[in-house]
Amino acid sequence: MKKKMPFYKALLFTLLSAVGFSQEKGDLKLWYNKPATVWNEALPLGNGRLGAMVFGDPLNEKLQLNESTFWSGGPSRNDNPYGPQVLDSIQYYIFKGDYKRAEILSDKGLTAKKLHGSMFQSVGNLNLAFENNQGYSDYYRELDIEKAIFTTTFKVNGTTYKREIFTSFPENVVVIKLTASKPGMLSFTAGFDGELQKYSGAIDATTLHMTGLSGTHDGVEGKVKFDAKAKILNKGGKTAIEGGKIKVSKADEVTLLISVATNFTNYKTLNTDENKKSSAYLDAAVNKPYKKLLSSHIAAYQNYFNRVKFDLGTSAAMKLPTDERIKNFAGTYDPALISLYYQFGRYLLISSSQPGGQPANLQGIWNGSTNPAWDSKYTININTEMNYWPAEKCNLPEMHEPLVELIKELSESGRETARVMYKSGGWVAHHNTDIWRISGVVDFANAGQWPMGGAWLSQHLWEKYLYNGDVKYLESVYPVLKSASEFYKDFLIEEATHKWLVVSPSISPENTPQNHQGSALSAGTTMDNQLVFDLFTKTIKAAQLLKKDAALAADLQRLTDRLPPMQIGRYGQLQEWMGDWDNPDDDHRHVSHLYGLYPGNQISPYTTPQLFDAAKTVLVHRGDVSTGWSMGWKVNLWAHLLDGNHANKLIKDQLTLVDPVKPGHSGGTYPNMFDAHPPFQIDGNFGCTSGITEMLLQTQTGAIDILPALPDDWKDGTISGLRTFGGFEVSIVWKDNKAKQVVITSKLGGNCRVRLPNTVTIKGATLKAASGTNPNPFFESVNIKQPLISPLAKINDIRLNKTFTYDFDTQAGKTYVLDIKN
Ligand code: FUC
């Protein structure tokens with residue numbers, strides 16, 4: 001039976017048509033008129049466990065394959081046991097201002113002596129070498145992100161060829177369908193290859209087989225085994241084994257299924273039978289008709305993808321291939337490229353992070369190398385967190401689950417690290433982790449001596465609760481939150497001047513203050529203080545909600561009151577460090593002290609106007625163009641500074657075409673829409689998707705803030721299906737830069753507070769002018785009762801005076817339509 005469209009969707013639809021919107025077909029495709037010749041032109045497919053980069057070359061098709069658990073090494077740890085012997089001295093030298101000595105000692109006694117993180121590695125490639133495709137014409141290649149399908153078509157001597165490829169979500173195999181417009185035209189040789197292969201050959205005339213072993217790295221022996229199989233299902237023609245490959249001759253149509261599995265069971269155990277596992281996936285898929293494989297894949301994908309629709313309008317620029325659109329973007333009006341890039345971010349998260357699997361790493365799940373940049377692991381001083389900024393608000397909460405699991409596991413290994421390295425309770429992690437959940441200090445002190453990874457990751461645990469309101473969920477993560485707080489309860493140390501409690505030794509990721517002996521080590525950096533403040537505050541709230549640990553909560557409150565305040569320095573800037581050491585010419589990519597502005601909510605124009613102004617000064621000093629992820633972060637930050645035009649400027653910087661072979665130094669976007677750090681790093685994609693959402697809807701300032709940072713260029717638009725704290729789902733239609741209608745569905749009931757630039761009317765509820773704190777407990781108003789030092793900044797009230805804030809009571813399951821009056 002066909003389901004009736006809910007009334008609010010019908011209403012939204014009518015309104016959209018009235019204001020002239022129609023999501024044109026083709027909006028949600030990346031497409032090209034030539035095959036990929038290099039990796040950053042190839043197009044990504046993924047189902048959370050398998051990743052495939054598809055090149056679409058008519059002569060030599062290549063699928064570069066990844067499996068999310070294929071990492072170098074094996075279960076291992078990297079704690080430096082000399083920590084307790086050096087810790088007191090390091091803290092002493094830092095307080096004395098002898099930073100260099102502290103750094104040297106830190107590298108000796110705290111930095112890992114082996115294993116600076118394992119590498120996520122490529123399994124290898126499936127290659128299809130075609131015999132008759134020379135001189136092809138009418139070439140077309142696309143990635144349809146509405147269906148998660150790659151297609152290429154071309155013609156050779158009057159025959160049209162088509163390849164359709166996807167990584168099936170329900171079946172866990174890669175599916176390739178080759179067709180030709182005339183019978184008997186498909187002749188090719190299929191074979192696997194891979195740098196880490198142990199064996200590659202054919203089991204029989206329709207089954208390819210490759211096995212391999214992960215690399216030995218940083219003194220840890222490679223112990224992850226993979227098993228890859230490809231089954232060839234041909235209609236017509238014949239197949240034969242030829243030199244370890246399979247030759248297909250004169251087939252009418254061919255379906256290939258690729259299965260890859262490893263012996264990984266969990267971060268401590270490698271005892272899965274990879275051969276059996278890869279065969280099981282293959283055997284289950286082999287008997288299903290292609291049409292079924294296709295439809296079940298699309299349905300599973302769309303279950304996530306279709307929840308959010310975004311339309312900024314269309315323009316003639318869309319008629320060009322995607323790489324040319326990126327190249328032209330700065331100088332053309334191409335709003336649909338922004339919505340495409342936005343939805344591509346959602347596509348990438350669905351494709352690289354599925355419940356029950358590994359979280360998206362530095363490259364999501366796509367890595368063509370066996371020795372990738374920064375090991376393609378998890379950098380948790382910004383990058384991993386950024387990957388998950390879009391998850392909840394862009395209506396992909398299930399995609400957040402692998403990160404929650406990683407945090408739980410990291411809290412287990414991190415407990416040992418806290419004990420061995422610092423003789424502290426609770427758990428700690430530093431700036432990197434990997435599939436083995438290492439939690440020690442990697443690289444060198446100036447980058448790695450940052451005992452805050454656990455504090456930042458833990459914010460995700462609490463924030464998920466603010467969206468889902470699920471007390472059972474909160475109970476399941478509470479021990480991790482509590483234990484993260486327990487670490488700092490033991491580790492904080494009093495500094496002599498103000499008697500503040502500070503984290504030491506630490507750094508402000510990965511920046512070095514001027515005149516600091518070239519050392520980054522210090523105590524009480526602003527970001528650390530903000531993170532500990534948030535961690536303690538959230539742990540206290542969770543404990544109260546769950547009616548647990550009253551004594552601990554009281555302790556944490558006492559400690560919170562003694563944390564250093566945020567400070568405004570001599571240039572009117574928010575200080576990055578405890579001392580006024582900032583350099584206004586510093587354009588470092590990390591803007592760690594702005595954590596408090598976003599993703600934190602300690603700085604806002606409504607409650608902390610001086611800090612808001614000081615944060616803006618920092619961002620102006622740092623400048624715009626930087627690495628990909630840094631620009632992605634700045635989109636969010638300018639959105640929280642309520643400056644949509646500046647945020648839009650950053651989107652333009654991010655959507656600058658980067659040469660896939662010679663990328664240069666600044667960040668941007670590769671032809672395949674992957675973010676360029678450079679090199680490729682996926683955080684920039686996710687950061688920018690998050691930032692675009694924050695321009696249209698914010699939820700962290702005690703209210704649902706509608707169109708808080710709409711750029712002048714985004715005159716008309718619509719977005720639907722966004723989620724906010726308190727379990728609300730929000731759709732917004734705007735015209736001539738003004739909100740026209742807001743539709744809010746409540747999942748949990750309770751007070752709904754909206755802030756809008758216009759007055760509104762509502763049906764089915766009574767609007768009241770809002771005053772005081774939002775009574776809805778999921779909307780946090782952060783109370784930073786901390787003294788400001790030298791408050792030079794002026795009060796900035798740019799939005800407060802121009803908005804209207806309403807409260808109305810909601811019932812769970814009901815939808816409310818707010819019509820804008822003017
Ligand atoms: C952090 C950043 C780098 C890079 C790396 C993976 O160290 O400072 O820019 O993104 O992570």
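Indexing begins at 1, ligand by ligand and atom by atom, following the structure's order. The residues of the chain are indexed from 1 along the displayed sequence.
Contact annotation: for I382 versus ligand 1, there are no heavy atoms closer than 4.0 Å.
Between Q681 and ligand 1, an N or O atom pair is found at a separation short of 3.5 Å. Residue contacts with ligand 1: W629 is placed with a nitrogen or oxygen under 3.5 Å of a nitrogen or oxygen of the ligand (distance criterion only). Backbone and side-chain nitrogen or oxygen atoms of D683 are examined, and none is located within less than 3.5 angstrom of a nitrogen or oxygen of ligand 1. By the 3.5 Å distance cut-off applied to N or O atoms, H431 is not counted among the residues near ligand 1. Considering backbone and side-chain atoms alike, N381 places every N or O at 3.5 Å or more from each N or O of ligand 1.
Using a 4.0 Å cut-off between charged side-chain N and carboxylate O, R77 and E416 make no salt bridge. Between R622 and D586, at least one side-chain N (NZ, or NE/NH1/NH2) sits under 4.0 Å from a carboxylate O, which counts as a salt bridge.
Qualifying ring pair (Phe, Tyr, Trp, His ring centres under 6.0 Å) partners for F55, counting only residues two or more places apart in sequence or in other chains: none. Partners of E405 under the salt bridge (charged side-chain N to carboxylate O under 4.0 Å, His left out) rule, at least two apart in sequence or in another chain, are K408.
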**OP:** Could you walk me through whether W39 and F680 pass the ring-ring contact (aromatic ring centres under 6.0 Å, His included) test, one step at a time?
**Re:** CA-CA 10 Å; W39 197 87; F680 162 51; 5.7 Å; yes
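Here the heavy atom of the protein found nearest to atom 7 (O) of ligand 1 is E510 OE2, 2.2 Å.
Side-chain polar atoms of S483 and R415 form a donor-acceptor pair below 3.5 angstrom. Q575 and H593 are not linked by any side-chain donor-acceptor pair at a separation below 3.5 angstrom, with hydrogens and angles left out of the test.
Ligand 1 lies less than 4.0 angstrom from a heavy atom belonging to N383.
Atoms of ligand 1 found under 4.0 Å from any heavy atom of L362, numbered from 1 in the order shown, are 6 (C). For ligand 1 and H590, the ligand atoms under 4.0 Å from any heavy atom of the residue are 2 (C), 8 (O). Listed by atom number, the atoms of ligand 1 under 4.0 Å from H677 heavy atoms are 3 (C), 4 (C), 9 (O), 10 (O).
In terms of modelled atom types and a separation under 3.5 Å, the side chain of W633 and the main chain of Y598 share a donor-acceptor contact.
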